Amino acid sequence: MSAFDLNGKVALVTGGAHSIGFSIGLGLAKAGATICFNCSSEGSKEKGIATYKAEGVEAHGYVADVTDEAAVTKLVATIREEVGIIDILVNNAGIIKRIPMIETSLEDFSKVIDVDLIAPFIVSKAVIPGMIEKGHGKIINICSLMSELGRETVSAYAAAKGGLKMLTRNICSEYGAYNIQCNGIGPGYIATQQTAPLREIQPDGSRHPFDQFILAKTPAGRWGNADDLTGPAVFLASDASNFVNGQILYVDGGILAYLGKQP
Ligand code: GCO
C-alpha cells in the first residue's frame, strides 16, 4: 500500500464545492478519501455534488457557515453520524477584498478576518477532539503568499493569512503529541475566479499589468492551476507526511525564491 493512500479516510474541505477547494477535494478522493464539503447555499451544494459526480466521486455536501460556531459544531456532528469521524480537515474557504487600507471599513476588514482566520480556528476546534479520539489527524490550512508578503490593497487578507500561518504552527505545537499534523499550503498566483480581476485582458487586447507583473515574478513563467495544489494536498493528508508538522508548503512556481525578472 502506498504511503499516499487515503482509503478509509474521511476528509472535510471547507468551501470545497468549486475552485481550489474542489481540486483539492477531487485529489484527495482520487487517493481514496471520502469527501465532505461545506458551502454557503443549497445551489452551490447541488452544483458541487454534481461536479464531483461528473468526475466519478460521491461527495457529501452540506450548507454551513464556517464563521458560525454553532453551525460548525452541528456540521461536524452530522458528518460524524452520516460519514464518520473526520481524519483530514482542509481549511480552504476564504475571501479577499482589494481595497487600499485607509479606505477599508472596519466591517470589511473584520469580514475577511472572520472567514480567513477565525473560521479555521472554529472548524479546527470542532474537529480536533475527534482526531484525538481516533489517534491521528491531518489539518491543512490554505495560506497564501500573503502569509509572508504584503502588497497594496490586501491588508485584511495579509493579516488573516499571516495569522493562519501562526495558527498552523500553534495547532502543531499543541496537538502534535496526539499524532495530529497541521501544515499549510501557500498557493502562489493561481488562475481562479478570485484572481480573475487581476488577469483581465485590457481594452487594447494586452495582458493586465498585474498579470505581466506576476509572470515576471514567477520562475515557472505561468500562473498556477488549481490542479497544481492537489499533489501537495495529498502528501500533507497522507502518512507520507507523518513527521512533517507546522510547515507551510509554498506552491508558487518559485515566486518566493526569486527576485523577479530584470527589466
Ligand atoms: C492578490 C491575490 C492573492 C492570491 C494568493 C496569493 O490580490 O494579490 O488575490 O492574494 O489570492 O493568495 O498567494
Side-chain angles (χ1 to χ4, degrees), residues 1-38 48 52 55-62 66 75-76 79-80 83-94 119-120 123-144 147 164-165 167-169 171-172 174-176 178-187 190 224-252:
M1 198 168 49
S2 142
F4 298 95
D5 184 51
L6 300 180
N7 271 294
K9 299 280 166 38
V10 176
L12 168 61
V13 183
T14 68
H18 65 100
S19 196
I20 287 177
F22 171 75
S23 291
I24 289 178
L26 186 59
L28 299 183
K30 284 188 175 161
T34 302
I35 302 304
C36 306
F37 70 86
N38 79 291
Y52 280 102
E55 298 284 343
V57 174
E58 295 293 330
H60 303 259
Y62 302 89
V66 281
L75 168 72
V76 172
I79 293 175
R80 185 183 178 125
V83 190
I85 295 180
I86 295 164
D87 304 277
I88 301 160
L89 165 64
V90 184
N91 282 311
N92 160 77
V123 186
S124 301
K125 183 183 161 191
V127 165
I128 288 170
M131 291 178 166
I132 293 176
E133 202 181 316
K134 252 187 152 174
H136 67 244
K138 300 279 186 182
I139 299 177
I140 302 171
N141 290 327
I142 303 305
C143 295
S144 164
S147 299
L164 187 56
K165 172 179 72 178
L167 182 65
T168 303
R169 292 179 179 164
I171 293 173
C172 152
E174 278 195 70
Y175 300 104
Y178 295 92
N179 192 25
I180 293 171
Q181 290 83 47
C182 179
N183 293 289
I185 290 179
I190 310 294
N225 302 310
D227 285 356
D228 288 317
L229 301 165
T230 60
V234 169
F235 167 61
L236 291 177
S238 72
D239 287 346
S241 61
N242 280 353
F243 205 53
V244 179
N245 211 351
Q247 300 296 314
I248 311 298
L249 176 52
Y250 289 97
V251 184
D252 67 352

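Note that the structure is a prediction, hence the values are computed from the model and not measured. Scope of the values below: all heavy atoms of this structure, side chains included, with no hydrogens, waters or symmetry mates. Numbers here are sequence positions counted from 1.
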Return the set of residues passing side-chain contact (heavy atoms from CB on, under 4.5 Å) with [X] (not counting sequence neighbours), or none when no residue passes.
X    : value
A237 : L6, L28, I88, I140
S147 : C143, S144, K161, K165, Y250
F4   : S2, V234, F235, S238, A240

Strictly distance-based, threshold 3.5 Å: is any side-chain N or O of N141 a donor or acceptor partner for the main-chain N or O of N91?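 The answer is no, because no donor-acceptor pair under 3.5 Å joins these two groups.
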Would you say the side chain of [Y] lies within less than 4.5 Å of the side chain of [X], judging by non-hydrogen atoms?
X    : Y    : answer
I142 : I24  : yes
K138 : S241 : yes
D228 : N225 : yes
C36  : V10  : yes
K30  : T230 : no
C182 : N245 : yes
L249 : N183 : no
I132 : I180 : yes

Enter the distance from [X]:[atom1] to [Y]:[atom2] here, rounded to the nearest 0.5 Å.
X    : Y    : atom1 : atom2 : answer
L167 : E174 : CG    : CD    : 9.5 Å
I139 : Q181 : CD1   : CD    : 10.0 Å
I185 : I248 : CD1   : CD1   : 9.5 Å
L12  : L75  : CG    : CG    : 6.0 Å
F22  : N92  : CZ    : CG    : 12.5 Å
K134 : K9   : NZ    : NZ    : 7.5 Å

What are the two closest heavy atoms between [X] and [Y], and how far apart are they?
X    : Y    : answer
L164 : P120 : CD1-CB, 3.6 Å
L89  : I86  : N-CG2, 4.3 Å
A93  : G15  : CB-N, 4.0 Å

Go through the steps to decide whether S23 and L229 satisfy the test side-chain contact (heavy atoms from CB on, under 4.5 Å), and finish with yes or no. CA-CA 7 Å; S23 291; L229 301 165; over 6 Å; no
What class does the angle between the rings of H60 and Y62 fall in, given that below 30° is parallel, 30 to 60° is tilted and above 60° is perpendicular?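 Plane angle under 30°, so parallel.
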